[in-house]
Amino acid sequence: MALRPYIVGNWKMNGTRSMLAEARAIDRSAQRLMKVEVALAPPFTLIHAVHKEAEQIGVGAQDCSAELDGAFTGDVSAAMIADAGAKFVILGHSERRQGHGESDALIRAKTEAALAVGLKLIVCCGETEQTRDAGQAEQFVVDQLAASLPELLDGASERLSVAYEPIWAIGTGRTASVADVAAMHRAIRALLVDRYGDEEGGSVRILYGGSVKPDNARDLLGADEVGGALVGGASLTAESFLGIVMAAVDLQDA
Ligand code: PEP
């Protein structure tokens, strides 16, 4: 059975306790919009507080360590975020890959650490503008993802989502065309089926991310193989985030 569309807000390094009102408003609306699975990834410092507010939405983290515990100053383990109330973790976001030099191998190690403690995963991938202009976007993304995903899912396909986020579309107001999104998502689906088999690879949700807003969400969410959206800037207020959730609800009803 196809999973519900998955709309996930990534608050990045935004938010203090004063933003809990937005999380509460999102949660209360999500209770009435059950055709869509809604989740928020606040900064580490708000995970527990958002978890306490949330009756319907999923709460997750934006990263975790590949290490179990020990002398890793400033790092936060998968078990720690789960203990704080996180049910999922975003891994391999381009801001981690580019800003913190995270390699595909490190991201794979993080996926395995997160799966081991029962978390769901959103594994991100995406090309630079230069790579797209060179006509190498699909090959680059497929190779990046192949090296970042966990080797085996062992029946955990419902716990894995992939987010395709072209780097040049993140926070820029530019989005990939619907045709390019669909082509990339089909290439990602082929990789998932090849890696995990028809059933497991066929059921992993593939999200699109990159300047998704209420006014473009319907077109992007309606593209072939798009199972939801990973949303940055537009997830920071309940009003704009819920506009995207509503677009997903409308598509379900169409
Ligand atoms: C993101 O960072 O995951 C993202 C998609 O950001 P934005 O929606 O702001 O482009």
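One-based numbering, in listed order, for ligands and for the atoms of each.
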- Query: Hey, is Lys213 one of the residues with a heavy atom under 4.0 angstrom from ligand 1?
  - Reply: no
- Under the side-chain contact (heavy atoms from CB on, under 4.5 Å) test, residues paired with Asp143 that sit two or more places apart: Gln139
- Is the His185 ring parallel, tilted or perpendicular to the Tyr208 ring (thresholds 30°, 60°)? tilted
- Per the side-chain hydrogen bond (donor to acceptor under 3.5 Å, both in side chains) rule, which among Glu102, Arg108, Arg97 passes with Ser148? Arg97
- Give the numbers and elements of all ligand 1 atoms closer than 4.0 Å to a heavy atom of Gly171. 7 (P), 9 (O), 10 (O)
- Note on the structure: Checking heavy atoms under 4.0 Å, the part of Ile170 that sits near ligand 1 is both
- Message: With nothing but distance in play, are any N or O atoms of Gly232 less than 3.5 Å from an N or O of ligand 1?
- Response: yes
- Message: I'd like to check which ligand 1 atoms, numbered from 1 as shown, lie under 4.0 Å from a non-hydrogen atom of Gly233.
- Response: 7 (P), 8 (O), 9 (O)
- Item | Minimal non-hydrogen separation, Ile244 against Val212, with atom names | CD1-O, 3.6 Å
- Query: Could a heavy atom of Ala169 be found less than 4.0 Å from some atom of ligand 1?
  - Reply: yes
- Task: Measure the distances from the heavy atoms of Ala234 to every atom of ligand 1 and state whether one is below 4.0 angstrom.
- Result: no
- Message: Taking salt bridge (Lys or Arg N to Asp or Glu O under 4.0 Å) as the definition, give me every residue that meets it alongside Glu95, ordered by chain and number, with sequence neighbours left out.
- Response: Lys12
- Message: I'd like to know whether CD of Glu239 has more than 12 heavy-atom contacts from other residues, nucleotides or ligands below 6.0 angstrom.
- Response: no
- With distance as the sole test, does Thr175 use its side chain to make a donor-acceptor pair with the main-chain N or O of Ser211 at under 3.5 Å? no
- Query: Within the structure, does Glu165 bring an N/O atom to less than 3.5 angstrom of an N/O atom in ligand 1?
  - Reply: yes
- Query: Hey, are Lys120 and Glu158 close enough for a salt bridge, meaning a charged N less than 4.0 Å from a carboxylate O?
  - Reply: no
- For ligand 1, which atoms have a heavy atom of Gly210 less than 4.0 angstrom away? 5 (C), 10 (O)
- Out of Glu127, Glu129, Gln130, which one pairs with Trp168 under the side-chain hydrogen bond (donor to acceptor under 3.5 Å, both in side chains) rule? Glu127
- Query: Starting from atom 2 (O) of ligand 1, which protein heavy atom do you reach first, and at what distance in Å?
  - Reply: Lys12 NZ, 2.5 Å
- Query: Atoms of ligand 1 less than 4.0 Å from His93 heavy atoms?
  - Reply: 1 (C), 2 (O), 3 (O)
- Which of the atoms in ligand 1, numbered in the order shown and given with their element, are less than 4.0 Å from a heavy-atom of Asn10? 2 (O), 3 (O)
- For ligand 1, is there an N or O atom under 3.5 Å from any N or O atom of Thr172? no
- Message: Any nitrogen or oxygen of Val231, side chain or backbone, less than 3.5 Å from one on ligand 1?
- Response: no
